[in-house]
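Counting starts at 1 for both ligands and their atoms, in listed order. Keep in mind it's a predicted model, so treat the numbers as computed, not measured.
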Amino acid sequence: MATIFTRIIQGEIPCFKIAEDENYFAFLDINPLAEGHTLVIPKKESDYIFKMDDSELSGLLIFAKKIGLAIEKVIPCKRIGITVIGLEVPHTHIHLIPINAITDMEFSRPKLKLSNDELAGICEKIKQAL
Ligand code: AMP
C-alpha cells in the first residue's frame, strides 16, 4: 500500500507543496516545530534513509539544500536544522527546521498550532525565495 507521503505526492492528500522535481518533493510539516518546518522526501518509496542508493541519497540532500536556503531567506533564524527520524511515517523524509537554539530541535516540544491560512502564507514565501 502506498505511504501517506506517496499519496501526498500523487495529490490524493492535500499538502502545502514548496517544490518538486522528477525525483524529490518538499512540503510543509503539518505539525511544525517552527514556522517553515519542511519535509523533503524522495518520490521513490524507501522506508529508511540508509536503504537508499548513494546517488538517490545525495540527490535528496542536494534538493534539501536548495529548499533549506530558500527557507533561510524568509524565516528569521540562525540555522536550518536537519534531522531524520522516521518513526512515524515509513517513507524517508528529511526535516528542515529553522532554529535559533539547540532546544528548537526537540521533537518532544509542543508543536505550533498554525491555521491553514498561516501555513499557506509561509509556503508561498518560501516558494518565492526559491
Ligand atoms: P517522523 O516519521 O517521526 O519523522 O514524523 C513524521 C512527520 O511527518 C511528523 O513531523 C508529522 O507532523 C509529519 N506529517 C505526518 N503526516 C503529514 C501530512 N499529511 N502532511 C504534512 N506532514 C505530515
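Of all protein heavy atoms, the one closest to atom 15 (C) of ligand 1 is E88 OE2, 3.8 Å. With respect to atom 1 (P) of ligand 1, the closest heavy atom belonging to the protein is H93 NE2, 3.2 Å. Here the heavy atom of the protein found nearest to atom 19 (N) of ligand 1 is I8 CD1, 3.6 Å. In terms of protein heavy-atom proximity, atom 22 (N) of ligand 1 is nearest to I30 N, 3.2 Å.
By the 3.5 Å distance cut-off applied to N or O atoms, I13 is not counted among the residues near ligand 1. The shortest N or O to N or O distance between V89 and ligand 1 is under 3.5 Å. Ligand 1 has no nitrogen or oxygen under 3.5 angstrom from a nitrogen or oxygen of H37. Checked by distance only, ligand 1 and I85 stay at 3.5 Å or farther apart across all their nitrogen or oxygen atoms.
Looking at E56 and P42, their side chains never come closer than 4.5 Å, going by heavy atoms from C-beta outward. In this structure the side chain of K44 never reaches within 4.5 angstrom of the side chain of Y24, judged on heavy atoms. In this structure, I4 and I13 have side chains that are in contact, with non-hydrogen atoms separated by less than 4.5 Å. By the 4.5 Å heavy-atom criterion applied to side chains, F16 and N116 are counted as neighbours. H37 is not listed as a side-chain neighbour of L28, based on a closest heavy-atom distance of 4.5 Å or more. No side-chain heavy atom of I94 sits less than 4.5 Å from a side-chain heavy atom of L39. Between T92 and V84 there is no side-chain heavy-atom pair separated by less than 4.5 Å. You'll find the side chain of I99 stays beyond 4.5 Å of the side chain of K78, heavy atoms only.
Numbered from 1 in the order shown, with element, the atoms of ligand 1 that lie under 4.0 Å from a heavy atom of L39 read 8 (O), 13 (C), 22 (N). Heavy-atom contacts of G86 reach the following atoms of ligand 1: 1 (P), 2 (O), 3 (O), 4 (O) (cutoff under 4.0 Å). Contact atoms of ligand 1 toward N31: 12 (O) (distance under 4.0 Å to a heavy atom of the residue).
With a heavy-atom cut-off of 4.0 Å, F27 touches ligand 1 through its side chain alone. Residue K111 does not touch ligand 1, judged by heavy-atom distances below 4.0 Å. Contacts with ligand 1 closer than 4.0 Å are made by no heavy atom of F16, backbone or side chain. Contact annotation for L28 and ligand 1: only backbone heavy atoms (N, CA, C, O) come within less than 4.0 Å of the ligand.
By heavy-atom distance, the residue among D29, L33, T83, T38 lying nearest atom 10 (O) of ligand 1 is D29.
Assignment of H95 to the shell around ligand 1 is supported, since a heavy atom sits closer than 4.0 Å. Contact analysis leaves C15 out of contact with ligand 1, as no non-hydrogen atom separation drops below 4.0 angstrom. Every heavy atom of F107 sits 4.0 Å or more from the atoms of ligand 1.
Looking only at distances, a side-chain donor or acceptor of R109 sits under 3.5 Å from a matching main-chain atom of D104.
Under the rule for a salt bridge (charged side-chain N to carboxylate O under 4.0 Å, His left out), the partners of D47 that lie at least two apart in sequence or sit in another chain are K51. Among residues two or more places apart in sequence or in another chain, the ring-ring contact (aromatic ring centres under 6.0 Å, His included) test is passed with H93 by F5, H95.
Distance check, rounded to the nearest 0.5 Å: CD1 of I97 to SG of C77 gives 11.0 Å.
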